[in-house]
Amino acid sequence: MAILLLAEHDNATLSDQTAKALTAATKIGGDIHVLVAGSGAKAAADAAAKLSGVSKVLLADDASLANNLAEPLAALIIGLADGYDTIIAPATSSAKNVMPRVAALLDVMQVSEITEVVSADTFKRPLYAGNAIQTVQSTDAKKVITVRTASFSPASQGTPAAVELISTAALSSHLSRFVCDALSTSDRPDLTSAKIIISGGRALGSSEKFNAVILPVADKLGAAVGASRAAVDAGYAPNDWQVGQTGKVVAPQLYIAAGISGAIQHLAGMKDSKVIVAINKDEEAPIFQVADYGLVADLFEALPELEKAL
Amino acid sequence: MKILVPVKRVVDYNVKIRVKTDGTGVELANVKMSMNPFDEIAVEEALRLKEAGKAEEVVVVSIGPAKAEETLRTALAMGADRAVLVETDAAVEPLAVAKLLKGVIDAEQPGLVITGKQAIDDDSNQTGQMLAALLGWGQATFASKVDLGADKATVTREVDGGLQTIDVKLPAVVTTDLRLNEPRYASLPNIMKAKKKPLDKKTPADFGVDTTARLKVLKTEEPGGRKAGVKVKSVAELVDKLKNEAGVL
Ligand SMILES: Cc1cc2nc3c(=O)[nH]c(=O)nc-3n(C[C@H](O)[C@H](O)[C@H](O)COP(=O)(O)OP(=O)(O)OC[C@H]3O[C@@H](n4cnc5c(N)ncnc54)[C@H](O)[C@@H]3O)c2cc1C
Ligand SMILES: Nc1ncnc2c1ncn2[C@@H]1O[C@H](COP(=O)(O)O)[C@@H](O)[C@H]1O
């Protein structure tokens, strides 16, 4: 049994979501190779080689792989697929883009966003916004799997494995072309790796007010910043801050929800946090049903006070 | 150009679903069903492209039980021109859905297919990508903006780090994200008119697609619950609890 793990990285650095998906791969069991596909991605490949449980890193370095376009990346993975029984990746936006394409080309069903490995072919996965958990057994010869990384702790460091450069000939695709990126830049931690997250909802009222009351607390706590869909839709926060069923799924040590009602779609993304704090002026807000500590208050008073008290 | 939009009938997003006590699945009897919200966004986008003169016809397709006709009628009432129902009572997985959609597409020859990014019942997020693969087309997933040209679409995508813009050659598959548009409601006169719009019925056998499930569902259970904790009276008490009780600060 050999497993191919698709690494998540931005060419320069390896995302720790790779180390979390590696933990899931280790539970499936077998020889684990990590595929680092990118452009100028040697540093990410070297970082992957240091993860415990990796027996080899395959580095595919080519301009066509610089931007995670689905078509060339799927072609690369399909070219390698013969050697593996399982192809697995953290459920990031780039993997969610490419892995189903790989699965269809292999004529297999993808097992999406697993939260538990029961055995090499049987997994648990949430559906209906996490309100039901299914145990599914894949009957396909090859398994294509994405991993909900909030459910797995990162693999530790080990003895470095070899990095092997693999061929990227014939990958150029005429089907799609990268135009530009507008990526968020911030010194704050990533939502998916942060130990503390503070999220704001519709109650914030504007992006100015969001920034004025949420960000100082985030900076004091060294926290990542999240948002509800309502806050993102209204333009108070960027799309990559959305936490929930159709945004990011997080499980930090501490999650602070300010001015968020607690719709099931939001809870789906944060209810596995270790400690949940809710600040809401409506004492009936459903968010209080999952909060360890609830504060019924106006967030515009409570958050500045919190910032001073930290 | 013709635009094809697959729409799925799912449990309404406002329903708090219940897992059956015998572990065989989710309670679907007498539960409100609606069009998958991401598919409403897909229908809306197709209609706007038509209204902008960039497409001539919008065809909606659903794979599901006879009742999925209601979902198709909703799309027709929003303004779609024609519908195809591939009728089956079986639970059809994304891979088989993609194969059936390919069958419809081979016959219809649309220039663009817009699917939702994710069905809010199975939360699979795979059908659009699978369909693009089976067709050998390019894909632009998680779209928050679509600019349709003559032989390509320029699509802004919501990705983990922010936004990415790509060009995809037509025909292509686009999947919708939440910020693409705000879907319209169907007006009463349009709901009446939709009753008379053409709806074609097919079966999986018409396309020679085997819909046998590849994932065997062994069990469906409720997630581990979480209990409400305590209410604190002040920010000072909150900070104290976080430091000294929870130990997270
Ligand atoms: C297909 C689909 C997918 C979705 N995906 C997601 C998702 O991924 N993530 C997500 O979050 N949502 C998602 N939603 C949306 C979800 O259903 C809710 O609409 C959304 O989470 C509500 O956001 P909110 O809590 O910020 O706003 P509201 O529900 O409007 O809540 C605002 C809260 O702020 C409180 N408040 C107001 N003023 C103050 C004040 N001064 N001080 C303190 N409290 C105050 C109010 O009491 C209220 O509880 C999705 C919906 C659909 C249909
Ligand atoms: N049974 C179905 N009938 C029509 N369209 C579907 C069906 N299942 C999935 N789709 C489409 O594929 C998208 C993604 O679904 P999924 O991959 O199941 O999350 C949906 O938003 C629909 O556009």
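The sequence lines fix the lettering, A, B, ..., with proteins before strands; numbering per chain opens at 1.
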S.K.: Considering non-hydrogen atoms only, spot the tightest contact between A:A132 and B:T220 and give its length.
M.R.: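 So the two residues come closest at CB-CG2, 4.0 Å.
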S.K.: Which atoms of B:K16 come close to chain A, meaning under 4.5 Å heavy atom to heavy atom: side chain ones, backbone ones, both, or neither?
M.R.: side chain
S.K.: At a 4.5 Å cut-off on heavy atoms, which part of A:R229 comes close to chain B: side chain, backbone, both, or neither?
M.R.: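 Contact with chain B: backbone and side chain both.
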S.K.: Would you please test A:Q245 and B:D123 for side chain to side chain donor-acceptor pair (under 3.5 Å) and show each step?
M.R.: CA-CA 8 Å; A:Q245 177 188 17; B:D123 282 337; 2.9 Å; yes
S.K.: Which region of B:V26, side chain (C-beta onward) or backbone (N, CA, C, O), has a non-hydrogen atom less than 4.5 Å from a non-hydrogen atom of chain A, or is it both or neither?
M.R.: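 Contact with chain A is through the side chain of B:V26 alone.
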S.K.: With a 4.5 Å limit on heavy-atom distance, are the side chains of B:D160 and A:K248 in contact?
M.R.: yes
S.K.: Tell me, for A:Q265 versus chain B, whether the close heavy atoms (under 4.5 Å) come from the side chain, the backbone, both or neither.
M.R.: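 Answer is side chain: those atoms of A:Q265 sit under 4.5 Å from chain B.
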S.K.: To the nearest 0.5 angstrom, please state how far the CD atom of B:E222 sits from the CD1 atom of A:I133.
M.R.: 10.0 Å
S.K.: Roughly how far, to the nearest 0.5 Å, is CZ of A:R101 from CE of B:M130?
M.R.: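 So the CE of B:M130 and the CZ of A:R101 are separated by 12.0 Å.
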S.K.: Need one label for B:V239: side chain, backbone, both or neither, based on atoms under 4.5 Å from any heavy atom in chain A.
M.R.: side chain
S.K.: Under 4.5 Å heavy-atom distance to chain A, tell me which part of B:A246 shows up: side chain, backbone, both or neither.
M.R.: both
S.K.: Of the backbone (N, CA, C, O) and the side chain (C-beta and beyond), which part of A:E113 lies under 4.5 Å from a heavy atom of chain B, both, or neither?
M.R.: neither
S.K.: Counting only non-hydrogen atoms closer than 4.5 Å, does B:S234 touch chain A with its backbone (N, CA, C, O), its side chain (CB onward), both, or neither?
M.R.: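 The backbone, not the side chain.
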S.K.: Can you tell which part of B:A213 gets under 4.5 Å to a heavy atom of chain A, answering side chain, backbone, both or neither?
M.R.: backbone
S.K.: Does atom NZ of B:K145 have more than 12 heavy-atom neighbours from other groups under 6.0 Å away?
M.R.: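 It does not: B:K145 NZ has 12 such atoms or fewer within range.
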S.K.: Side chain to side chain contact (heavy atoms under 4.5 Å, CB included) for A:L254 and B:L242? Distances and angles first, verdict last.
M.R.: CA-CA 9 Å; A:L254 172 61; B:L242 291 176; 4.0 Å; yes
S.K.: Under a 4.5 Å heavy-atom cut-off, does chain B meet the side chain of A:N67, its backbone, both or neither?
M.R.: both
S.K.: Hey, is B:K227 close enough to A:D292 for a salt bridge, meaning N to O under 4.0 Å?
M.R.: no
S.K.: Nearest 0.5 angstrom please: B:I17 CD1 to A:L127 CG, how far?
M.R.: 7.0 Å
S.K.: Determine whether B:I120 and A:Y128 make a side-chain contact, defined as any pair of heavy atoms from C-beta on separated by less than 4.5 Å.
M.R.: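 Result no, sub-4.5 Å side-chain heavy-atom pair not found.
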S.K.: Where does B:V19 contact chain A at under 4.5 Å (heavy atoms): side chain, backbone, both or neither?
M.R.: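 The answer is the side chain of B:V19.
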S.K.: Are the side chain of B:R226 and the backbone of A:K271 linked by a donor-acceptor contact shorter than 3.5 Å?
M.R.: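 Pair found, side chain donor or acceptor close to backbone of A:K271.
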S.K.: Can you say whether B:Q164 sits under 4.5 Å from chain A via the side chain, the backbone, both, or neither, judging by heavy atoms?
M.R.: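 Both backbone and side chain.
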S.K.: Under a 4.5 Å heavy-atom cut-off, does chain B meet the side chain of A:A297, its backbone, both or neither?
M.R.: neither
S.K.: Using non-hydrogen atoms and a 4.5 Å limit, figure out which bit of B:V15 sits close to chain A: side chain, backbone, both or neither.
M.R.: backbone
S.K.: For A:M109 and B:Q126, run side chain to side chain contact (heavy atoms under 4.5 Å, CB included): C-alpha distance rounded to whole Å, both residues' side-chain angles, the deciding distance at 0.1 Å, then the answer.
M.R.: CA-CA 9 Å; A:M109 254 302 283; B:Q126 23 179 318; 3.9 Å; yes
S.K.: Identify which part of B:F38 has an atom lying under 4.5 Å from any heavy atom of chain A, answering side chain, backbone, both or neither.
M.R.: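 For B:F38, the contact with chain A is made by the side chain alone.
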S.K.: Can you find a pair of side-chain heavy atoms, one from B:R157 and one from A:N97, that are under 4.5 Å apart?
M.R.: yes
S.K.: Where on A:T185 is there a heavy atom nearer than 4.5 Å to chain B: the side chain, the backbone, both, or neither?
M.R.: neither
S.K.: Is there a side-chain contact between A:L175 and B:V168, using heavy atoms and a 4.5 Å cut-off?
M.R.: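 When only atoms from C-beta onward are counted, B:V168 and A:L175 do not touch, as no gap falls below 4.5 Å.
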S.K.: With heavy-atom distances below 4.5 Å as the criterion, would you say the side chains of B:L218 and A:T122 are in contact?
M.R.: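 Yes - at least one pair of side-chain heavy atoms lies under 4.5 Å apart.
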S.K.: Can you say whether A:L221 sits under 4.5 Å from chain B via the side chain, the backbone, both, or neither, judging by heavy atoms?
M.R.: side chain
S.K.: Just verifying a value: how many Å separate B:L215 CG and A:D140 CG, rounded to the nearest 0.5 Å?
M.R.: 7.0 Å
S.K.: Drop me the distance from B:D167's CG to A:S176's OG, to the nearest 0.5 angstrom.
M.R.: 9.0 Å
S.K.: Which bit of A:L183 is near chain B, if near means a heavy-atom gap under 4.5 Å: side chain, backbone, both or neither?
M.R.: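 Its backbone and side chain both get close to chain B.
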S.K.: Measure distances from B:L249 to the heavy atoms of chain A and classify the residue's part below 4.5 Å as side chain, backbone, both or neither.
M.R.: side chain
S.K.: Is B:L178 in contact with chain A via its backbone, its side chain, both, or neither, using a 4.5 Å heavy-atom distance?
M.R.: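 For B:L178, backbone and side chain are both near chain A.
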S.K.: Could you tell me whether the side chain of A:Q134 reaches within less than 4.5 Å of the side chain of B:E221, counting heavy atoms only?
M.R.: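 Of all side-chain heavy-atom pairs linking A:Q134 with B:E221, none is under 4.5 Å.
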S.K.: Compare every heavy atom of A:T246 with every heavy atom of B:K117, then report the nearest pair and how far apart it is.
M.R.: NZ-O, 2.8 Å
S.K.: Judged by atom type as modelled, is there a donor-acceptor pair below 3.5 Å linking the side chain of B:N125 to the main-chain atoms of A:S112?
M.R.: no
S.K.: Run through B:K241, B:K231, B:E245 and flag the one making a side-chain hydrogen bond (donor to acceptor under 3.5 Å, both in side chains) with A:Y293.
M.R.: B:E245
S.K.: Is A:V102 in contact with chain B via its backbone, its side chain, both, or neither, using a 4.5 Å heavy-atom distance?
M.R.: neither
S.K.: For residues B:R214 and A:Q110, determine if any side-chain heavy atom of one lies less than 4.5 Å from a side-chain heavy atom of the other.
M.R.: no
S.K.: Near B:Y13 OH, under 6.0 Å, is it more than 12 heavy atoms from other residues, nucleotides or ligands?
M.R.: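 Check fails, neighbour count at 12 or below.
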S.K.: Is it the side chain or the backbone of A:K274 that comes within 4.5 Å of chain B heavy atoms, both, or neither?
M.R.: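 For A:K274, heavy atoms of backbone and side chain both lie under 4.5 Å from chain B.
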S.K.: With a 4.5 angstrom heavy-atom cut-off, could you sort out which part of A:I276 is near chain B: side chain, backbone, both or neither?
M.R.: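 Looking at A:I276, backbone and side chain both touch chain B.
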S.K.: Mark yes when over 12 heavy atoms from residues, nucleotides or ligands other than B:K67 sit less than 6.0 Å from its NZ; otherwise mark no.
M.R.: no
S.K.: Select one option (side chain, backbone, both, neither) describing which atoms of A:D107 are under 4.5 Å from chain B's heavy atoms.
M.R.: both
S.K.: From A:L295 CG over to B:E237 CD, what is the distance, rounded to the nearest 0.5 angstrom?
M.R.: 9.0 Å
S.K.: I'd like to check B:F142 versus A:K96 (side-chain heavy atoms, cut-off strictly below 4.5 Å). Are they in contact?
M.R.: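 The answer is yes; the side chains approach within 4.5 Å.
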